[in-house]
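Below: the structure, in structure tokens.
Start at 1 with the first residue, then count along the sequence.
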Amino acid sequence: MTRPQYWLLLLLSFISFALAATLLGLHFQNQRAETSFNADQMKLAKLQEDIQRGEISRRMVQSIAQDLSVLAAQKPEVQSLLARYGITIRKNGEADSK
């Protein structure tokens, strides 16, 4: 092996080492990003679940308020109870909540 070939081989070895080290670093960075992404995705799924539960609760409360509004039209004490919690009965018997 001639001297220039030796230096070329040495240079290529250093370049290969640098590329391997860079690739390893990028792999670990990708692992951290993936872990962070998965954690964020789980938080987002939990928030979506909470939103859906809130929507179901809102519909249930609205349905109960509608049913109570029928009763409140006949009984003033039910109407005052609903008013205490911010639910007013309109003339057409529908309930509004504040």
query = Run the side-chain contact (heavy atoms from CB on, under 4.5 Å) check on Asn30 and His27 step by step: do they pass?
reply = CA-CA 5 Å; Asn30 184 46; His27 170 73; 5.5 Å; no

query = Roughly how far, to the nearest 0.5 Å, is the CZ atom of Phe28 from the CG atom of Leu23?
reply = 10.5 Å

Under 3.5 Å donor-acceptor pairs involving side-chain atoms of residues 44-59, not counting sequence neighbours:
{"residue": "Lys46", "atom": "NZ", "partner": "Asp50", "partner atom": "OD1", "Å": "3.1"}
{"residue": "Lys46", "atom": "NZ", "partner": "Asp50", "partner atom": "OD2", "Å": "3.4"}
{"residue": "Glu49", "atom": "OE2", "partner": "Arg53", "partner atom": "NH2", "Å": "2.6"}
{"residue": "Asp50", "atom": "OD1", "partner": "Arg53", "partner atom": "NH1", "Å": "3.3"}
{"residue": "Glu55", "atom": "OE1", "partner": "Arg58", "partner atom": "NE", "Å": "3.4"}
{"residue": "Glu55", "atom": "OE2", "partner": "Arg58", "partner atom": "NH2", "Å": "2.6"}
{"residue": "Glu55", "atom": "OE2", "partner": "Arg59", "partner atom": "NE", "Å": "3.4"}
{"residue": "Ser57", "atom": "OG", "partner": "Arg53", "partner atom": "O", "Å": "3.0"}
{"residue": "Arg58", "atom": "NH1", "partner": "Gln62", "partner atom": "OE1", "Å": "3.3"}

task = Following the transitive rule for hydrophobic clusters with a side-chain heavy-atom cut-off under 4.5 Å over Ile, Leu, Val, Met, Phe, Trp and Tyr, establish whether Phe14 and Tyr6 coincide in one cluster.
result = yes

query = Does the Thr35 side chain pair with the main chain of Gln31, one donor and one acceptor, at a distance under 3.5 Å?
reply = yes

query = Mind checking whether Val61 and Leu82 sit in one hydrophobic cluster, side chains of I, L, V, M, F, W, Y counted as touching below 4.5 Å?
reply = no

note = Those residues at least two apart in sequence (or on a different chain) that pass side-chain hydrogen bond (donor to acceptor under 3.5 Å, both in side chains) with Thr2 are Gln5

query = Do you reckon Trp7 sits in the same ILVMFWY cluster as Leu11, going by side-chain contacts under 4.5 Å, direct or chained?
reply = no

query = Rounded to the nearest 0.5 Å, what separation is found between the CD atom of Glu77 and the CD atom of Gln79?
reply = 10.0 Å

query = Could you give the distance from CE (Met1) to CG (Leu8), rounded to the nearest 0.5 Å?
reply = 9.5 Å

